[in-house]
Novice: 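Please see the structure below; I have some questions.
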Amino acid sequence: MAAVDQAIDSGYAAIARAALPVDTVKLARWLIGRIVVHATADGVLSGRIVETEAYPPGDAAGHAFRGRTPRNSTLFEEPGHAYVYLAYGLSFMLNVSSEPAGVGAGVLIRALEPLEGIAAMRRRRGVQALRDLARGPGRLTAALAIDRSLDGVDLCRPGPLWLAHGPADVPDIGQGPRIGLSWEVERPLRFHVRNNRFVSGPKALNR
DNA sequence: AGTGCGATTGACT
DNA sequence: GTCAATCGCACTA
């Protein structure tokens, strides 16, 4: 059975685009607790989103701020597309486009709680500690085998990479300033599951 | 055509 | 706590 079908059978039905809030900040909060699924030739890799950051329209810290270019083009797609780029020459970042077509904005996925394919993630990352597999935006893309070849993929369709609903329980969500920016640092656009050990950043920010 | 740097990570003092 | 690695791409000329 193909990995995609297998993943759907195991409960990873894709989230419909109509279910996504069409607002970057609302989407950033809404994505907490949802699941990222990547069906690879080696099997399904998945994780629950525990940390996000919003990069809304007009945000000077956002990649879309200076207009549409070949690199950031996916940010201007309909909501629910994967914008993947390389940061610092070594880490890929996974974002979800978040505004109507033509408007450039997105949500950065910053941390996942590993769910399926943990052995493969350990192999890919070269670390054993479960907590460190996907705690950080560059780490989670390494763990889930996400790179630029997945830029532009529709996350609202099953395969190869998509979003699925999580468990029914509603996580306790905290909100604070974004991490790693020299601009716009004062706005509370980072969301995280409170006191969750899979969230990145200093402990003081995660309560 | 050349230059500077980033939504980070991992190794090291 | 500090700091180098590493490269695609946007910006300047």
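Letters go in sequence order (proteins before strands), and every chain restarts at 1. Keep in mind that the numbers below use all heavy atoms, side chains included, and drop hydrogens, waters and symmetry copies.
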Novice: Show every side chain to side chain donor-acceptor pair (under 3.5 Å) that has at least one partner inside residues 78-88 of chain A, sequence neighbours left out.
Specialist: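 As it turns out, the side chain to side chain donor-acceptor pair (under 3.5 Å) pairs with a partner in residues 78-88 of chain A, which skip direct neighbours, are A:H63-A:Y83.
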Novice: Can you pull out every side chain to side chain donor-acceptor pair (under 3.5 Å) where at least one residue sits in residues 102-111 of chain A? Sequence neighbours excluded, please.
Specialist: A:E51-A:R110, A:R110-A:S200
Novice: So, do A:Y55 and A:L189 sit near enough that their side-chain heavy atoms are less than 4.5 Å apart?
Specialist: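 Result no, sub-4.5 Å side-chain heavy-atom pair not found.
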Novice: Looking at A:H165, is its backbone amide N or carbonyl O close enough to the side chain of A:R34 to form a donor-acceptor pair, meaning the two atoms are under 3.5 Å apart?
Specialist: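 Between the backbone of A:H165 and the side chain of A:R34 there is no qualifying donor-acceptor contact (under 3.5 Å).
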Novice: List every contact pair, protein side and nucleotides 3-10 of chain C side both N or O, where the distance is under 3.5 Å.
Specialist:
| from | atom 1 | to | atom 2 | distance (Å) |
| --- | --- | --- | --- | --- |
| C:dT6 | O2 | A:Y88 | O | 2.3 |
| C:dC9 | OP1 | A:R148 | NH1 | 2.8 |
| C:dA10 | OP1 | A:T69 | OG1 | 2.8 |
| C:dA10 | OP1 | A:R71 | N | 3.4 |

Novice: A:P56 and A:R187: which non-hydrogen atoms are nearest, and at how many Å?
Specialist: CG-NH2, 3.9 Å
Novice: When you measure from the side chain of A:Q175 to the backbone N and O of A:P188, does any donor-acceptor pair fall under 3.5 Å?
Specialist: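 Flag set: sc A:Q175 to bb A:P188 pair under 3.5 Å.
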Novice: Quiz question: by atom type and distance under 3.5 Å, do the side chains of A:S149 and A:D147 form a donor-acceptor pair?
Specialist: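 The answer is yes; a qualifying pair exists.
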Novice: Which atom pair, heavy atoms only, marks the closest approach of A:Y12 to A:W162?
Specialist: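 For A:Y12 versus A:W162, the nearest heavy atoms are O-NE1, 2.8 Å.
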Novice: Check whether any side-chain heavy atom of A:F198 sits under 4.5 Å from a side-chain heavy atom of A:R48, and report yes or no.
Specialist: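 No. Closest side-chain heavy atoms not under 4.5 Å.
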Novice: Would the distance check show the side chain of A:T24 and the main-chain N or O of A:A54 forming a donor-acceptor pair, the cut-off being under 3.5 Å?
Specialist: no
Novice: Under a 4.0 Å heavy-atom cut-off, which of residues 188-207 of chain A touch DNA chain B?
Specialist: none
Novice: Among A:L181, A:V199, A:T52, A:L108, which one satisfies side chain to side chain contact (heavy atoms under 4.5 Å, CB included) with A:R190?
Specialist: A:V199
Novice: How close do A:L133 and A:P114 get, counting heavy atoms only, and between which atoms?
Specialist: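 In this case the closest contact between A:L133 and A:P114 is CB-CG, 4.0 Å.
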Novice: For the residue pair A:L163 and A:V36, establish whether any side-chain heavy-atom pair is separated by less than 4.5 Å.
Specialist: yes
Novice: Can you list everything that forms a side-chain contact (heavy atoms from CB on, under 4.5 Å) with A:T141? Sequence neighbours excluded, please.
Specialist: A:F92, A:L94, A:I146
Novice: If you measure from the P atom in B:dG2 to the same atom in C:dT6, how many Å do you get, rounded?
Specialist: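 That atom pair is separated by 22 Å.
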Novice: Listed in order of residue number, which residues of residues 93-101 of chain A have a non-hydrogen atom at under 4.0 Å from DNA chain B?
Specialist: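 Contacting residues: A:M93, A:N95.
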Novice: Under a 3.5 Å cut-off on both pairing distances, which runs of 3 or more consecutive Watson-Crick or G-U pairs involve DNA chain B?
Specialist: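 B:1-6 with C:7-12, B:8-12 with C:1-5 - these are the stems of 3 or more pairs that involve DNA chain B.
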Novice: With a 4.5 Å limit on heavy-atom distance, are the side chains of A:N195 and A:R207 in contact?
Specialist: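 Contact flag for A:N195/A:R207 side chains = yes.
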Novice: So if I take residues 123-139 of chain A and measure heavy-atom distances to DNA chain B, which residues fall below 4.0 Å?
Specialist: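 Heavy-atom cutoff 4.0 Å gives A:R125, A:G136, A:P137, A:G138, A:R139.
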Novice: What is the first contacted nucleotide of DNA chain B and what is the last, in 5' to 3' order, if contact means an atom lying under 4.0 angstrom from a heavy atom of chain A?
Specialist: B:dG6 to B:dG10
Novice: For the side chain of A:S97 and the backbone of A:L75, is there at least one donor-acceptor N/O pair under 3.5 Å apart?
Specialist: no
Novice: Show me the donor-acceptor pairs, under 3.5 Å and distance only, between side chains in residues 151-159 of chain A and residues at least two apart or in other chains.
Specialist:
| from | atom 1 | to | atom 2 | distance (Å) |
| --- | --- | --- | --- | --- |
| A:D151 | OD1 | A:T74 | OG1 | 3.2 |
| A:D151 | OD1 | A:V84 | N | 3.0 |
| A:D151 | OD2 | A:T74 | OG1 | 3.2 |
| A:D151 | OD2 | A:R148 | NH2 | 3.2 |
| A:D154 | OD1 | A:R17 | NH1 | 3.2 |
| A:D154 | OD1 | A:R17 | NH2 | 3.3 |
| A:D154 | OD1 | A:C156 | N | 2.9 |
| A:D154 | OD2 | A:R17 | NH2 | 2.8 |

Novice: Could you check whether any side-chain N or O of A:E113 sits under 3.5 Å from a backbone N or O of A:V50, counting only pairs where one atom can act as donor and the other as acceptor?
Specialist: no
Novice: Can you tell me how far apart CD1 (A:I109) and CG (A:N95) are? Round to the nearest 0.5 Å.
Specialist: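 Between atom CD1 of A:I109 and atom CG of A:N95 there are 7.5 Å.
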Novice: Taking only the C1' atom of each, what is the distance from B:dA7 to C:dG1 in whole angstrom?
Specialist: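 It works out to 23 Å between them.
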Novice: Which pairs count as salt bridge (Lys or Arg N to Asp or Glu O under 4.0 Å) when at least one residue sits in residues 117-132 of chain A, sequence neighbours excluded?
Specialist: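 Output for this query lists A:D132-A:R135.
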Novice: For DNA chain C, which residues in residues 53-64 of chain A have a heavy atom at a distance below 4.0 Å?
Specialist: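 Here the set is empty: none.
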